[in-house]
Amino acid sequence: MSVAQVRFSTAETTIVVRIVDNPSGRDFVSKLPLTLSFEDFAGREKISYLPERLTTEGSPGSAPRNGTLIYYKPWGNIGFYYNAAGGHGDNLITIGTAESGVDQLDGLGRGQVTVEE
């Protein structure tokens, strides 16, 4: 079940994400629109720090796959996996899944990213 469809856009890139229906996903949508900067992390994901933390109570951990948008509880950041490795983590909360544009994730590291419904 999903809450919303959200676009992550730069001048050259658009990634459409279906947000999941959990407390963290709903909280993320409530904070939109956002302007974020993404950076590469560990050759596995593109991450960005939110201006404020998301609620996590009642949101289960997950085992992300490529194209998964996660919220990492300890650091308060979101991330798009493009080279997922590893198993389930209680601190990795899935907040969405890319429906299109996964092949454009590299473009998120080039300037400001607008996030909106």
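Starting from 1, each residue takes its place in the sequence as its number.
- Screening residues 2-31 for ring pair (Phe, Tyr, Trp, His ring centres under 6.0 Å) gives Phe8-Phe80 as the qualifying pairs, with residues at least two apart or on separate chains.
- Within the structure, every pair that satisfies the salt bridge (charged side-chain N to carboxylate O under 4.0 Å, His left out) test and touches residues 49-65, not counting sequence neighbours, is listed here: Lys31-Glu52.
- Listed by first and then second residue, the side chain to side chain donor-acceptor pair (under 3.5 Å) pairs involving residues 95-106 are Gln5-Glu99, Arg18-Glu99, Lys46-Asp106, Asp106-Arg110 (not counting sequence neighbours).
- Partners of Thr55 under the side-chain hydrogen bond (donor to acceptor under 3.5 Å, both in side chains) rule, at least two apart in sequence or in another chain, do not exist in this structure.
- Checked against side chain to side chain contact (heavy atoms under 4.5 Å, CB included), Ser37 has the following partners two or more places apart in sequence or in another chain: Gln112.
- With sequence neighbours excluded, no residue satisfies salt bridge (Lys or Arg N to Asp or Glu O under 4.0 Å) with Glu117.
- Applying the side-chain hydrogen bond (donor to acceptor under 3.5 Å, both in side chains) criterion to Thr56, with sequence neighbours excluded, gives no partner residue.
- Between Ser48 and Leu36 the shortest heavy-atom distance is OG-CB, 3.3 Å.
- Taking Ser9 as the reference, Arg7, Thr14 meet the side chain to side chain contact (heavy atoms under 4.5 Å, CB included) condition, with sequence neighbours excluded.
- Applying the side chain to side chain contact (heavy atoms under 4.5 Å, CB included) rule to Pro33 yields the partners Glu116; only residues at least two apart in sequence or on another chain are considered.
- When hydrophobic clusters are built by joining Ile, Leu, Val, Met, Phe, Trp and Tyr residues whose side-chain heavy atoms come closer than 4.5 Å, directly or via intermediates, Leu32 is grouped together with Leu54.
- In terms of the side chain to side chain contact (heavy atoms under 4.5 Å, CB included) criterion, Pro60 has no residue partners (sequence neighbours excluded).
- When the side-chain hydrogen bond (donor to acceptor under 3.5 Å, both in side chains) test is applied to Ser59, the partners found at least two apart in sequence or on another chain are Ser24.
- Other members of the hydrophobic cluster containing Leu92, listed by chain and number, are Phe41, Ile47, Tyr49, Ile70, Tyr72, Trp75, Tyr81; membership follows side-chain contacts under 4.5 Å among ILVMFWY residues, whether direct or relayed.
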